[in-house]
Every structure is written in C-alpha cells, then in structure tokens.
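Report on one structure; see the data block that follows.
Convention: sequence-line order gives letters A, B, ...; per-chain numbering from 1. All values derive from a computational prediction rather than experimental measurement.
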Amino acid sequence: MAGQIGETILNFVRVLRRAGLPVGPAHALAAIEAAAAVGPERRDDLYWALHATLVRKREEKPIFDQAFHLFWRNPRLLERMMGLLLPNLQLEGTGTPPPDLASRLAEAFSNQAPREAKTEPEQREEISATLSASAQEELRQRDFDSMSLTELAAAKAALARLRLSFPPTISRRWQRHPWGKRFDGRATLRAAARSGGEFALPKFARRRERPTPIVVLCDISGSMDRYARILLHFVHGLTQDHDRVQSFVFGTRLTNITRALQDRDVDQAVDRAARAVVDWSGGTRIGEALLRFNKDWARRVLGRGAIVLLITDGLERDDAAQLGREAARLQRSCRRLIWLNPLLRFDGFAPRALGIRALLPHVDEMRPVHSLDSLAALAEALTKPIPARR
Amino acid sequence: MTTHVSLPPSVDDTLALLTSQDYVADRPLATVLFLALKLGRPLLLEGEAGVGKTEIAKVLAAGLGRRLIRLQCYDGLDLASAFYEWNYPKQLLAIRQAEASGEGLSLYSDDFLIRRPLLEALSPQAGGAPVLLIDELDRADEPFEAFLLEILSDFQATIPEIGTIRAPEPPLVIVTSNRTREIHDALKRRCLYHWVDYPTAERETAILRAKAGGVAEGLAAQIVGFVQRLRGMDLFKSPGVAETLDWAQALVQLDAIALTPDLIEQTLGVLLKYQDDIVRLRGSEALRLLNDIQAELSQKPLGI
C-alpha cells in the first residue's frame, strides 16, 4: 500500500512538473513523507499535505487544484490520458477551466513534448563598419518613428551598447572601511586580540550601498506603437544590466513581463514579451493601469526605494482625474517617478491634452525618449545622485 | 511555562490543541501545522496583514508549554542583532583589569557573549525545544535569508571564536511573510508553505465569539456580514481579522446594540487604514452595505 501511494504521488509530481510547476525530487520525497504522515483516510488532508510540500506560491494554486482534482478522481484516468489528445476537459463542480490552464494540463497529460514556437533567426541587415561619421551622427538624432528597417536595426545595436547606471541606494548594513563613520568594536577587538591586547587601534565601518530597484511601466497602446518595440529593447538592456528590474507593459490591461525580458537574446525576449501581452496597440487607459499597479503590485515591487520609469505619451482616453489620483499615489509610494515621453520630440511642446496635464504635476522629472541621443542624455542624467523630493 | 506537552499525533489533535487556546483554525492550517511538527520542517505562512499568522506561533507555544522566541525582521537585520554579539565594552574593561592585575583572561568566553534570538533558539531549553517565530521575513534582505537558510537546514550555526553551535532538539520554526517581497526559492524549498487567507463568515463569527465574548449575537452577525462584504469590494487594503476584533471592541465600548450609519462613520478608522478606502465607504456606500446585511440576516432563522 505504501509503495503504491508513493508511486502514485511520483506520477502526480511528474504531471505537475510538465504543467510548469517547479517541483524537483526533493519536493517529491517531502510530499510522500507528508502524505504518509496524514494517512489516507481523508482526501482533504491529503490535498493539504501535497499542497504544503509542492506549491511554492499562491499563483501556482489554480494549476495544482486542477491537477489534483483530475488526478485523484481516478488514478487510472492518468494512464488512459497518456498518449491521447485531450478534448475539452470538463471538471465536475468547477465548470470549464480557463482555456490556458486546461491546455497546459492537456499538454502535461499527453505524451507529446510541449510545442515551442521556433523563432527563425531574423534576417538582420548588417550595418557595415564603414558607415561615415556624419551618417552615424544623423542616426543618433533621428526619431525612432521615422526610421527605416535598416536604421532600426542599427539603432537596436546601438541600444545594446548603451549602459545605464542608476545611483545606488544606501543600505542599513555596515561594512569595514578605513575611514568609516561608525566605530566597529568587533573588528577592533579582533585586531587587538592578535597582538595580545597591546595595540588596540580603532577600526571603523560605513554603510554599504546596494543597487536601486527599478520598475518600468511601458505604454504599448496604439499611439505609442512605433516607439514601444524599440523601447522594449531599451528595457531589455536595462534588465540585463541591473538586478531588480521589474517591467510591466499596459494598454488596456497591465501585464508583468519581467520574466519574459530575462532572456539573454534581445529578440527572443521581446517576442516572449509580445506573446504574453494581449492588448498590444489597443486603446489607452493609463489611469486604470496605474490603479491596478498601485493595488496589485506596488507593495510588492516598490519596497526598497525604487525608481519608477513611466514610458508613455500621456494621451489618455479615459478619466483624467483618475489618472491624476493614481499618479499621485504612485509618486508617494516610490523614491522617484520619471516620465519618459516620446512626444517631447516637438520643440515648444506645451502640455495641452487633459491626460498630460493631469499627469505632469505628479512626476518628478519628464524627459524625452524619441531618439538615441535622448536615451544617451537620459543615461547621463541618471548617473547623478538622486535629489531629495521638495 | 506549564508542563511539557508532547506533539499532537494527528490532525484532529492539532485542531483540538489550537481550539483549546481559543484559536479558531480551519482544517487546512491544522493539517499543515501538524505536518510541520511531525516532519520537523519549518512552516512558512504567507498572507495579508492581520489574518493571524503571528498569533499561531504564540498559540502553539502556549499550547505545548514551550518557550516562545521571537525574531522580528527588518531591513538591515544582521548577525549581530539576530544571532550573537560580543560585549566589547566589557571585553575592553576586562583587558584593562587583566593588565592591571596580571592575571590571564579568556576573551571569548560565555561571559562576554550576548545571546540574540537565533542563538537562544539553538541553545538547550528547559521544557523542550522552543518555538522560534521569525516574523515578517520579507522585510529582511537577501544576505540575511542566506544565513537563515543555513540555520534552518541543519539547525546549527558557527561562531568563529567558539565553534559550531548545534541545537540538541530542533526548534519548532514558524516563518511569516506579508509578501512585500518574494522569499528566495531555496528558503521556501526548506519550509512547508501555506497561504493564510481571510476566514469565511462562519469561522469569523466563531473567532469573534471566542475572542470578543462581550458582543451580542445580533451585532456580531452584522459585524461579520459587513466586514465580509468589505473584503469583496476592491479596497486598497481589506480589513483583516485583527481589525474585525478591534472594531467589535470599539463598538462594545460605545455601547452599540446594532450597526447604524452614524456608528459606522464614527468607527471607520478602526477598520480601514487608507484614506481612499474611508472616503469611498462614507455616506451612501455604507448605508447600502448595511441594508444588504439587514436583508440577508432577516432571511436567516434566528440563532444561526
């Protein structure tokens, strides 16, 4: 009996793994131990025993739930499903599962390897190294909006070389340093012990610095369409360069694309991000997106003095008052809110649109971001220490 | 410190233990707690603020007659505050004295060691292994987590000047997190995980009855109904169980028998802590909720 249940649990763990949950052999062993401890009498006890050992985050619970109910209704069901393509799965009492979850489970139950969209390596136009100096100069000043494919490729290459550095944040930890401000008693005593107490030269410590967390909120609605893709390249470079960069895109909904952008290859990363988003080039609802960010994510990612980069043109179709309120809240929750606006490419830009007027008072800085030069200027400006607000 | 109670041998016994301490838990939590005790693994409780994560450690310690050792985490928490520190002023004075008197001195002995919570937890205790509560681990930073992982894996740690300290009996560890940051996977892997959710109406009523006994039945039903509805609205910060209990106490202090819009207006600050939420609830919204509750309660037979 014990052997049988162990075997069944191992199969269940395999199913979960194929459905995308990160469960390894250690988890499987813990799960078997836990199941043995609660005993087989009650099914809900078994459920919670497996849940405690196999689920790591709240987000994984729906998949675990579906897998558990499917699996433990009839263990032989698993054998029948292996090798078969699953039609519509109907779960008793839970209604039709959302299509994406059901398809992941279907893939996990079937024997086929999950299909991955193979991205053909792009035919990139190589810019020859003999581009003249004036042509390069012109490329840097050219608006992303008006670039041809060739020029866009060159711009992407230039973006990959752009290095952004944010001023570090002072942390609460101390490290040994010759002219630090605080007396380090422990190090002094250790040094004194080495010389038998004869010499007790004081040692000092100073505060450590750590990298500032960065959060990027990028508008990908229709009006931002031409800038969005190339700016995602910029955000990808940012992600590769720094720890703790969280990136989100929004149009009508807010989507977290941090994981997608962690791919080393920039094109694959942007493709993955594009696939994760459903409202590319749709309508603009900046206020709504900021509201969702403030409610669902702000407390999780803005914790340690984060800098927020808000990339949008500010053209809001919805309620401008809501935009103002949410922007005010966002500004209060982060260390610095920087608005990167491609519309600033026009000289003599005067804020007329309601959305822009609602947003402007609540940001700490507004900068242009329409060309390579403007991005370089942004990089330059960010190296300066962050001024205190007001 | 009462008599040493042995660990509960089943889920039902764990539930009984919690109930004996006036903690109304649901079966999932009791199951996970039982497993944590039986398998000797730390228990990681995640959830919103005010749902009773910290409380359960206190209840466990009281129920099992063990000492409760609490480590409150914050940004920048380091070894010196969490594990141990040498008492340098005392050491310096001892050196001066030894110099004057010409005696030998052992600089790194127990006299000079300041024991912080984690070291206490690894030391032998009268009455059995202590309950170690690591509160709000998400507020500590990653280097601290790495150190904690070492302790939670083998229940031992090293003080360079003394040697390795091993716990004679592994402590019962409960880690809580408010999820303002994702805890590192390695630490999560070591623990059993449970998300503590807001209670159902029945359980919340039972909690209210157990903890705030002076509240009349009718008022208690209204309170629970109101708070449950608040959690259904998309508030910035939904009220937790702690807020429900505070509100009940506040209403009792104001000699309330039933909820009225005025009372709600006066005491909203006890339930909701964000101005945006309070503004939203004022006036018609509160009245609407109250009417909903009246309608629902009048349909139910009395006594339920």
Side-chain angles (χ1 to χ4, degrees), chain A residues 22-24 26-27 30 33-39 41-42 44-49 51-58 60-61 171-174 183-190 192-193 196-198 200 207-208 210 213 243-244 291-292 294-296 298-305 325 329, chain B residues 10-11 27-39 41 43-44 46-47 74-78 80 85-89 91-92 95-96 98-99 105 107-108 112 138-139 141-144 160-161 178-183 185 188-195 197 234-237 276:
Chain A
V23 282
H27 296 137
E33 233 188 310
V38 286
E41 294 96 36
R42 289 179 62 140
D44 57 346
D45 282 357
L46 178 65
Y47 173 89
W48 286 105
H51 181 277
T53 43
L54 298 175
V55 170
R56 291 283 148 246
K57 292 184 190 176
R58 200 176 172 205
E60 295 170 1
K61 189 167 188 288
S171 88
R172 296 234 182 120
R173 288 186 166 266
W174 295 84
F183 174 68
D184 186 350
R186 184 197 185 139
T188 310
L189 259 304
R190 300 270 316 253
E198 289 297 325
R207 287 193 190 272
R208 243 179 239 189
R210 61 175 163 84
D243 294 329
R244 295 161 226 236
L291 174 76
R292 288 271 47 104
N294 283 333
K295 280 223 173 116
D296 300 336
R299 266 174 295 197
R300 280 155 66 177
V301 303
L302 291 184
R304 283 128 212 263
R325 272 198 311 273
R329 157 151 268 142
Chain B
S10 76
V11 181
R27 203 179 169 91
L29 182 56
T31 312
V32 181
L33 186 58
F34 162 70
L35 283 173
L37 296 177
K38 180 102 187 268
L39 304 178
R41 280 176 173 248
L43 177 59
L44 171 60
E46 262 191 356
Y74 53 90
D75 191 15
L77 179 65
D78 58 355
E85 201 173 358
W86 292 111
N87 194 343
Y88 343 108
Q91 283 174 324
L92 282 170
I95 291 178
R96 289 275 152 270
E99 271 178 359
L105 170 68
L107 199 55
Y108 294 113
F112 302 109
D138 53 317
R139 295 217 278 154
D141 51 13
E142 280 163 29
F144 182 73
E161 295 88 352
N178 282 335
R179 213 187 181 195
T180 59
R181 175 176 74 82
E182 290 292 341
I183 306 249
D185 272 346
K188 275 194 174 176
R189 213 182 305 138
R190 182 69 197 118
C191 307
L192 294 182
Y193 173 82
H194 189 74
W195 174 271
D197 216 346
D234 192 17
L235 291 177
F236 199 73
K237 172 78 181 67
D276 293 358

Original post:
Got B:His194 and A:Trp48 here, is their nearest side-chain heavy-atom distance under 4.5 Å?
Top reply: yes

Original post:
Given a strict heavy-atom distance threshold of 4.5 Å, which part of B:Ile183 is in contact with chain A: side chain, backbone, both, or neither?
Top reply: neither

Original post:
Between A:Asn294 and B:Phe236, what is the shortest heavy-atom contact and its length?
Top reply: O-CE1, 3.5 Å

Original post:
Do you know which of B:Ala36, B:Pro28, B:Pro89 has the most heavy-atom pairs under 4.5 Å to chain A?
Top reply: B:Pro28

Subject >> Heavy-atom pair count under 4.5 Å with chain A, highest-scoring of B:Arg189, B:Glu182, B:Lys38 >> reply: B:Arg189

Original post:
Using non-hydrogen atoms only, which part of B:Leu235 is less than 4.5 Å away from chain A: side chain, backbone, both, or neither?
Top reply: backbone

Original post:
For B:Trp195, does its backbone N or O pair with a side-chain atom of A:Lys61 as donor and acceptor, under 3.5 Å?
Top reply: no

**OP:** In sequence, state the C-alpha distance, the side-chain angles, and the governing distance for B:Glu46 and A:Lys57, and then conclude on salt bridge (Lys or Arg N to Asp or Glu O under 4.0 Å).
**Re:** CA-CA 9 Å; B:Glu46 262 191 356; A:Lys57 292 184 190 176; over 6 Å; no

Subject >> Structural part of A:Asp45 lying under 4.5 Å from a heavy atom of chain B >> reply: both

**OP:** Name the member of A:Val38, A:Leu291, A:Asp296, A:Thr53 that forms the most heavy-atom pairs with chain B at distances under 4.5 Å.
**Re:** A:Val38

Subject >> Side chains of B:Asp276 and A:Arg325 in contact at under 4.5 Å (non-hydrogen atoms) >> reply: no

**OP:** Please look at B:Lys188 and chain A and tell me whether the side chain, the backbone, both or neither of the residue comes under 4.5 angstrom of a heavy atom of that chain.
**Re:** both

Subject >> Closest-packed option against chain A by number of heavy-atom pairs under 4.5 Å, given B:Tyr74, B:Phe34, B:Tyr193, B:Tyr108 >> reply: B:Tyr193

**OP:** Select, from B:Leu107, B:Val32, B:Asp75, B:Leu29, the one with the greatest count of heavy-atom pairs under 4.5 Å involving chain A.
**Re:** B:Asp75

**OP:** Starting at CG of A:Leu46, measure out to OG1 of B:Thr31 and round the result to the nearest 0.5 Å.
**Re:** 10.5 Å

Subject >> B:Asp138, part contacting chain A, at a heavy-atom distance under 4.5 Å >> reply: backbone

Subject >> Pairing residues for B:Ala80 by the side-chain contact (heavy atoms from CB on, under 4.5 Å) criterion, not counting sequence neighbours >> reply: B:Asp78, B:Glu85

Original post:
Quick one: does NZ or CZ of A:Arg173 land under 6.0 Å from the six-membered ring centre of B:Phe144, within 45 degrees of the ring axis?
Top reply: no

Subject >> Residue selection (most heavy-atom pairs with chain B, distance under 4.5 Å) from A:His51, A:Arg56, A:Glu33, A:Arg299 >> reply: A:Arg56

Original post:
chain B heavy atoms under 4.5 Å from A:Arg329: which part of the residue, side chain, backbone, both or neither?
Top reply: side chain

**OP:** List for me each residue that meets side-chain contact (heavy atoms from CB on, under 4.5 Å) alongside A:Ala187, sequence neighbours excluded, and say none if there are none.
**Re:** A:Arg176, A:Asp184, A:Lys203

Original post:
For B:Arg27, is it the side chain, the backbone, both or neither that has a heavy atom under 4.5 Å from a heavy atom of chain A?
Top reply: side chain

**OP:** Would you name the heavy atoms of B:Leu35 and A:Ala37 that are closest together and state the gap between them?
**Re:** CD2-CB, 3.7 Å

**OP:** Would you mind checking which part of B:Asp197 comes under 4.5 Å of any heavy atom in chain A, side chain (CB onward), backbone (N, CA, C, O), both or neither?
**Re:** side chain

